[in-house]
Asks: 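Below is a structure I'd like to ask you about.
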There are 2 protein chains.
Amino acid sequence: MSENEKLTEEKIFEAATIVFEEEGLTGARMQNIADRAGINKSLLHYYFRTKDHLFEAVFTKLAKKMFTKFTPIFEKNLSLEEKIRFFFREHISFMQQNPKLPGFILNEINHNPQRIQKLIKNIEFKNLWVTILEQHKDELYKYNITEETLPQIMTTIASLSVFPFAAKGILEVVFENFGVDFDKYIESRKEFAADFVIKAITK
Amino acid sequence: MSENEKLTEEKIFEAATIVFEEEGLTGARMQNIADRAGINKSLLHYYFRTKDHLFEAVFTKLAKKMFTKFTPIFEKNLSLEEKIRFFFREHISFMQQNPKLPGFILNEINHNPQRIQKLIKNIEFKNLWVTILEQHKDELYKYNITEETLPQIMTTIASLSVFPFAAKGILEVVFENFGVDFDKYIESRKEFAADFVIKAITK
DNA sequence: ATTCGGTTTAACTGAATGGTCAAAAGTATT
DNA sequence: AATACTTTTGACCATTCAGTTAAACCGAAT
């Protein structure tokens, strides 16, 4: 039954997502995934032939989910400052709901960098830069942004948003000693990071 | 012979460091480590009884190496601005020589957060804050730093320094599309990050 | 009711892997 | 040179794990 089939596949996918995020590709066990999905291990191999197939499916979906969160900024009709604020709000909110995603993706890509090539090969980077340049010609001059500093600024923005989640395991423990609550810290980071960047790039 | 013993143990340690950094705890194979060290697999177990022992030894050493790079700032007799510049120069230089370390440590801690507790339990965080407060009382007022914003600023500084290495696998591929060289990017980041932070916190 | 497609299960396989053991090789001590 | 010790090795073991197989199950079409 196709109805049923989608259901099992969905169950497997969800279970695999949890286990892979938690244990990584090498640490994940097919038996563990099967147990979580409430099915037999053979059924895993019936739906996804090998562990690598299953991982590839899960990883691709999650990575796309993550990276597509970066792109809508280029489409919106907002000022640069508004875009920066919009990005931090949206991106951090997304990660609040998927806190293990950043660490998982960073780790798996570091471990196997070829993986990313498939994901971003269909992005036109030249166009992307041209788009920004056209949309914000005047603003780029108003701020300290040149073709030279753009990579620094882009990675800085990504840093401020992603790092707290990638380092969650450390920060939670360190914060405990300072009496800081991680969730509140994250909540206030949406605005702090935006303010910080805007302040830094304003002439 | 103790001379020889140190040598083999050192060889094992170096081999294990490379393999663990590359493959992680779960992905690393004892046979692989033995091969790289040019010794028999049994000898691994003679020096470090189990895989976990060996990992614990390697991880602890690397993590200490990493975290101690954060502390000397608190001892130096420099202005806050000088300290920030000093930190980015030193910390990024250190990671240039150990580019896989950040990703490795972040990942292993996320996977097993208890690990970090052992490492930082002997750091007195209350003292640390008092130290900063006393050393830079006037400066903290001069800049936009309060006890409220300190966690945000500390993690921001860490972000800017660590993230490019934690995301190395992604950035290298993305940069390629922009014609940017990762090593040059890192080199210029030492100054950029310092400028960026100082600009942002200056009233 | 029977056949037929897809689905699910239990039992199994073979390779990989962490770890052990007893013997060999090497070194220091007397 | 004999003894006692540590270091190194190769063969071996038990377990874990991804993946296979053949049979049972189940709902629908004939």
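Everything numeric here is computed off the predicted structure, so don't read it as measured data. Here is how names work: the chains are called A, B, and so on, in the same order as the sequence lines, proteins then strands, and each is numbered from 1.
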Asks: Are any non-hydrogen side-chain atoms of B:I84 and B:I201 less than 4.5 angstrom apart?
Replies: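 Yes, their side chains come closer than 4.5 Å.
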Asks: Please tabulate, one pair per line, each protein N/O and nucleotide N/O from nucleotides 13-16 of chain C that are separated by under 3.5 Å, including the distance.
Replies:
none

Asks: Which residue is it: B:N110, B:I109, B:T155? I am looking for the one with a side chain to side chain contact (heavy atoms under 4.5 Å, CB included) to A:I170.
Replies: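 With A:I170 as partner, side chain to side chain contact (heavy atoms under 4.5 Å, CB included) holds for just one option, B:I109.
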Asks: Just checking B:F20 against B:F55, ring centres under 6.0 Å apart?
Replies: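 Ring centroids of B:F20 and B:F55 are less than 6.0 Å from each other.
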Asks: Atom CD1 of B:I39 and atom C1' of D:dT8: how far apart are they, to the nearest Å?
Replies: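 Taking atom C1' of D:dT8 as the reference, CD1 of B:I39 is at 9 Å.
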Asks: Taking side-chain contact (heavy atoms from CB on, under 4.5 Å) as the definition, give me every residue that meets it alongside A:E21, ordered by chain and number, with sequence neighbours left out.
Replies: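 Testing A:E21 for side-chain contact (heavy atoms from CB on, under 4.5 Å), a comparison that skips the adjacent residues, returns A:T17, A:L62, A:K100, A:L101, A:F104.
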Asks: Regarding A:H45 and A:S42, do their side chains bring together a donor and an acceptor under 3.5 Å, going by distance alone?
Replies: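 A:S42 and A:H45 do not have a side-chain donor-acceptor pair below 3.5 Å.
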Asks: Between C:dG18 atom C1' and B:F55 atom CZ, what is the distance in whole Å?
Replies: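 B:F55 atom CZ is separated from C:dG18 atom C1' by 16 Å.
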Asks: Atom CG of A:L25 and atom P of D:dA18: how far apart are they, to the nearest Å?
Replies: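 Going from A:L25 (CG) to D:dA18 (P), I get 10 Å.
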Asks: Touch check for A:A28, heavy atoms < 4.0 angstrom, all strands: base, sugar-phosphate only, or nothing?
Replies: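 Sugar-phosphate contact only - A:A28 comes under 4.0 Å of backbone atoms but never of a base.
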Asks: Measuring only between side-chain heavy atoms, which start at C-beta, is A:R85 closer than 4.5 Å to A:I198?
Replies: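 Contact flag for A:R85/A:I198 side chains = yes.
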Asks: Please check if any side-chain donor atom of B:S188 sits under 3.5 Å from a side-chain acceptor atom of A:Q152, or the reverse.
Replies: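 Short answer, yes.
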Asks: Between D:dT9 atom P and B:L44 atom CG, what is the distance in whole Å?
Replies: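 After rounding, the gap between these two atoms is 11 Å.
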Asks: Report the distance from atom CD of A:Q31 to atom P of C:dA11, rounded to the nearest whole Å.
Replies: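 After rounding, the reported distance stands at 13 Å.
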Asks: Rounded to whole Å, how long is the line connecting atom NZ of A:K11 with atom C1' of C:dT7?
Replies: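 For the pair A:K11 NZ and C:dT7 C1', the rounded distance is 12 Å.
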Asks: Tell me whether A:E191 at atom CD has more than 12 heavy atoms from other residues, nucleotides or ligands lying less than 6.0 Å away.
Replies: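 No, because the 6.0 Å sphere around CD of A:E191 holds 12 heavy atoms or fewer from other groups.
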Asks: To the nearest 0.5 Å, what is the distance between CZ on B:F196 and CZ on B:F88?
Replies: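 Spacing of CZ (B:F196) from CZ (B:F88) equals 10.0 Å.
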Asks: With the criterion being N/O to N/O and under 3.5 Å, what pairs connect the protein with nucleotides 20-22 of chain D, and how long is each?
Replies:
from: D:dT20; atom 1: O4; to: A:S42; atom 2: OG; distance (Å): 3.3

Asks: Starting at CD1 of A:I33 and ending at P of D:dG19, how long is that distance when rounded to a whole Å?
Replies: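 Answer to the nearest Å: 11 Å.
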Asks: Which whole-number value in Å describes the distance from A:Y46 OH to C:dG5 C1'?
Replies: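 Distance check: A:Y46 OH to C:dG5 C1' gives 9 Å.
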